[in-house]
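Since the structure comes first, as structure tokens, the remarks are kept for the end.
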Amino acid sequence: MTPRHALRAGAREALGVPAAVLGAGFLGYGSLAGDAGYSIWLTLTATLAIWALPGQLVLMEMHAREAAFLATVFAVSLSAARFLPMTLTLMPLMRGGCRVRRLWQFLLAAQLVSMTTWAVAMRRFEEMDVDARWHYFLGFSAVCIGSSMLFAVIGQLLIGALPPLARYGLALLTPLYFFVTLVGEARTRMAIAALVCGTGVALLLHAYAPAWSLFGAGFIGGTVAWLWQGSHVRRR
Amino acid sequence: MSAAAELWLLMLACGGATYLWRGLGVLLSGRLNPQSAIFEWVSCVAYALVAGLIARIIVAPSGLMAQTALTDRLLACVAAFVAYRLARRNMFVGLISGVLIFVAATHLRSVFL
């Protein structure tokens, strides 16, 4: 496969379900951003600069509740911790072909990694020539990012023009998308424990210290879940 | 600093904070064991944080969603998940079912109550 073929193959495969599912998530994000009074440029730049819907939601939520600057940055960063294992496992698969790529190229490619692009790439890379992977990943990611930005703008423009009922439905789209993804894809006992503990701690703290509830959900809930169901726990 | 400028700064800082993990992943790739206990803990924290975020948006939303009923939002979650599973993990079917149930419940509530 030539680089151009691989680029096209990646773009073509992204144009189906991946672009549409991401589009639905970002349609909701755009409508929430419009509701929060963001400008379109801010929405688009946030999508490019953060490129992680959970983090973008944390930012929007905490800013709406006037949380402290550093607490917000820290919470967004925590929600992005999953990128460490993701890039860690993905990047080695794109090394070792005929062409040697430099570190800065990998550092740039890391910005394109998302839950969707990572999951698809990990699966497709196995059956693909090492040399084709780099361009396949670029093509796939470009379509995903493009679709997300397009739908974010559509959501933002629609939210003001729609009747209230449709606006409610649109605003629910993103939380619903994450709910189904999280609950539907949690396969291990540890992941399920983390979901349960995070939910419990967030709701408890929300009543007493709302600005710290996400923070606490992550640290306290996550630690409890790890102590409870991590692989260090001896199983019968 | 104006509120808009502060939001831009906050957004860029969040972009940088997110990138730290991506960049670190590249630099460490091949040197760190994804099966180690620290990794497990970090992924637990990440999962719990996202779960807390979604729980808070659904149970105690701000803005537009605050005008809808908690029962309807919870109903939509259950409907979306059941439809998703019945349709063999089809995300579209799940999302569309959840949103339709939510809109219908909100509408009925405004008509009858």
Side-chain angles (χ1 to χ4, degrees), chain A residues 21 24 35-36 46 49-50 52 54-55 57-59 64 69 72-73 76-85 87-89 91-92 106-107 110 113 165 167-169 171-172 175-180 182-184 191 194-195 197-199 202-203 206 214 217-219 221-222 225-226 230 232, chain B residues 7-8 10-15 17-26 28-30 32 34 37 39-60 62-65 67-68 73 76-77 80-81 84-85 89 91-92 94-95 98-99 102-103 106-107:
Chain A
V21 169
D35 181 43
I50 303 177
L57 277 184
V58 173
L59 166 58
F69 190 97
T72 308
V73 175
V76 170
S77 183
L78 260 184
S79 79
R82 65 197 144 86
F83 285 119
L84 176 59
T87 51
L88 207 56
T89 45
M91 294 304 158
F106 285 102
L107 286 174
V113 174
L165 269 182
R167 292 168 63 186
Y168 293 145
L172 186 76
L176 207 56
Y177 167 62
F178 274 112
F179 175 78
V180 176
L182 274 181
V183 180
L195 294 185
C197 296
T199 303
L203 295 182
H206 178 72
L214 286 189
F219 263 120
W226 180 73
H232 55 87
Chain B
L7 181 56
W8 272 92
L10 180 65
M11 185 266 286
L12 293 176
C14 288
T18 302
Y19 187 80
L20 280 183
W21 297 107
R22 305 176 189 269
L24 202 63
V26 173
L28 293 179
S29 58
L32 215 69
F39 257 41
E40 257 189 7
W41 178 74
V42 170
S43 72
C44 271
V45 170
Y47 256 113
L49 189 109
V50 178
L53 169 74
I54 301 309
R56 203 170 74 171
I57 291 181
I58 289 168
V59 174
S62 59
L64 198 59
M65 290 269 285
Q67 297 160 29
T68 60
R73 295 194 297 267
C77 290
F81 184 68
Y84 169 78
R85 291 308 295 263
R89 298 180 184 274
M91 182 60 77
F92 279 121
L95 286 181
V99 167
F102 177 67
V103 169
T106 307
H107 179 64

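Per chain, numbering begins at 1; letters A, B, ... match sequence-line order.
Summarising the geometry of B/V50 relative to A/P54, their closest heavy-atom pair is CG2-CB, 4.2 Å, with the distance given to 0.1 Å. Among all heavy-atom pairs drawn from A/V76 and B/T18, the shortest one is CG1-OG1, 3.7 Å. Of all heavy-atom pairs between B/Q67 and A/Y168, the closest is OE1-OH, 2.9 Å. The nearest pair of heavy atoms linking B/C44 to A/G222 is CB-O, 3.4 Å. Taking both residues in full, the closest heavy atoms of B/L49 and A/L214 are given as CD1-O, 3.1 Å, listed atom of the first, atom of the second, then distance. In plain terms, the two heavy atoms of B/A48 and A/G221 that are nearest each other are CB-C, 3.9 Å.
With a 4.5 Å cut-off on non-hydrogen atoms, A/L195 touches chain B through its backbone and its side chain both. Proximity to chain A involves both the backbone and the side chain of B/M11, based on heavy atoms less than 4.5 angstrom apart. Looking at A/A64, the atoms closer than 4.5 Å to chain B (heavy atoms on both sides) all sit in the side chain, from C-beta outward. In this structure, chain B has heavy atoms under 4.5 Å from both the backbone and the side chain of A/L176. Looking at A/A171, both its backbone and its side chain come within 4.5 Å of chain B, counting heavy atoms on both sides. Heavy atoms of A/L59 lying under 4.5 Å from chain B belong exclusively to its side chain. Residue B/L10 touches chain A through both its backbone and its side chain, counting heavy-atom pairs closer than 4.5 Å.
Between A/L88 atom CG and B/L24 atom CG the span is 8.5 Å, to the nearest 0.5 Å. If you take CZ on A/F69 and SG on B/C14, they are separated by 7.0 Å, rounding to the nearest 0.5 Å. Between atom CD1 of residue B/I58 and atom CG of residue A/L172 there is a gap of 7.0 Å, rounded to the nearest 0.5 Å. B/Y47 contributes atom OH, which lies 14.0 Å from atom SG of A/C197 (distance to the nearest 0.5 angstrom). A/L182 CG to B/I54 CD1: the interatomic distance, rounded to the nearest 0.5 Å, is 6.5 Å.
If you tally non-hydrogen atom pairs under 4.5 Å between each of B/A60, B/G15, B/C77 and chain A, the highest count goes to B/C77. Put simply, of B/V103, B/T106, B/L53, the one with the most heavy-atom pairs under 4.5 Å next to chain A is B/L53. Per-residue counts of heavy-atom pairs under 4.5 Å with chain B were compared for A/V73, A/T199, A/L165; the largest is that of A/L165. Ranked by heavy-atom pairs under 4.5 Å with chain A, the list B/L12, B/T68, B/V99, B/L95 is led by B/L95. Counting heavy-atom pairs under 4.5 Å between each of A/A24, A/A80, A/G55, A/A49 and chain B puts A/A80 at the top. Between chain A and the options B/R85, B/R56, B/M91, B/M65, heavy-atom pairs under 4.5 Å are most frequent for B/R56. When A/G198, A/A46, A/A81, A/G169 are compared by the number of non-hydrogen pairs under 4.5 Å with chain B, A/A81 comes out ahead. Chosen from A/S79, A/A202, A/A194, the residue pairing most often with chain B at heavy-atom distances under 4.5 Å is A/A194.
In this structure, the side chain of A/W226 does not engage the main chain of B/E40 through any donor-acceptor pair within 3.5 Å.
For A/A110, the side-chain contact (heavy atoms from CB on, under 4.5 Å) test picks out A/T87, A/M91, B/Y19, B/R22, B/V26, with sequence neighbours left out. Residues meeting the ring pair (Phe, Tyr, Trp, His ring centres under 6.0 Å) test with A/F219, sequence neighbours left out: B/W41.
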